[in-house]
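Computed from a prediction, not measured in an experiment: that's the story for all the values here. In this chain, numbering begins with 1 at the start of the sequence shown.
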Amino acid sequence: MMNITDLNGCPIEVTNLKEAITMAGQYKEYRHEDTSFSEFDKRQKAYWSDMYEKLRAIKKQLDDNKILER
């Protein structure tokens with residue numbers, strides 16, 4: 001289990017890193033068909049893109065540590 005800080009400064013507990021990366025990757029691509037949501041969608045894309053990059057960085061660090069431990 002690990003914690004990351006989201007774009008709003010809130011701590012988020014991550015219990016399944018692989019699943020969290022998958023979900024964030026999907027959410028960052030989500031868009032409403034109704035263009036009246038475009039500003040909301042921009043904010044959501046920024047949030048989920050930030051979360052996705054942070055999660056991927058954690059995975060890379062964990063993978064790199066596994067390589068070093070061999």
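The structure places CG of Leu17 at 6.5 Å from CG of Leu62, a figure rounded to the nearest 0.5 Å. Between atom NZ of residue Lys45 and atom OG of residue Ser38 there is a gap of 14.0 Å, rounded to the nearest 0.5 Å. From Ile21, atom CD1 reaches atom NZ of Lys54 across 14.0 Å, with rounding to the nearest 0.5 Å. To the nearest 0.5 angstrom, Met23 atom CE is 10.5 Å from Met51 atom CE. If you take CG on Asp63 and CD1 on Ile58, they are separated by 12.0 Å, rounding to the nearest 0.5 Å. Annotation: the span from Tyr47 atom OH to Asn8 atom CG amounts to 6.5 Å, rounded to 0.5 Å.
By the 4.0 Å N-to-carboxylate-O rule, Lys60 lies close enough to Asp64 to be salt-bridged with it. Taking 4.0 Å as the cut-off between side-chain N and carboxylate O, Glu39 and Lys42 count as a salt-bridged pair.
Using bins of under 30°, 30° to 60° and over 60° for the plane-to-plane angle, the ring pair Trp48/Tyr27 lands in the perpendicular bin.
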Could you give me the CA-CA distance, side-chain angles and deciding distance for Val14 and Leu55, then say whether side chain to side chain contact (heavy atoms under 4.5 Å, CB included) is met?
CA-CA 9 Å; Val14 178; Leu55 292 165; 3.9 Å; yes

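Within a 6.0 Å sphere centred on CZ of Arg56, heavy atoms belonging to other residues, nucleotides or ligands number 12 at most.
Of the possible polar contacts, none joining the Lys59 side chain to the Lys18 backbone as a donor-acceptor pair under 3.5 Å is found.
Side chains of Arg31 and Gln44 form no contact here, defined as non-hydrogen atoms less than 4.5 Å apart.
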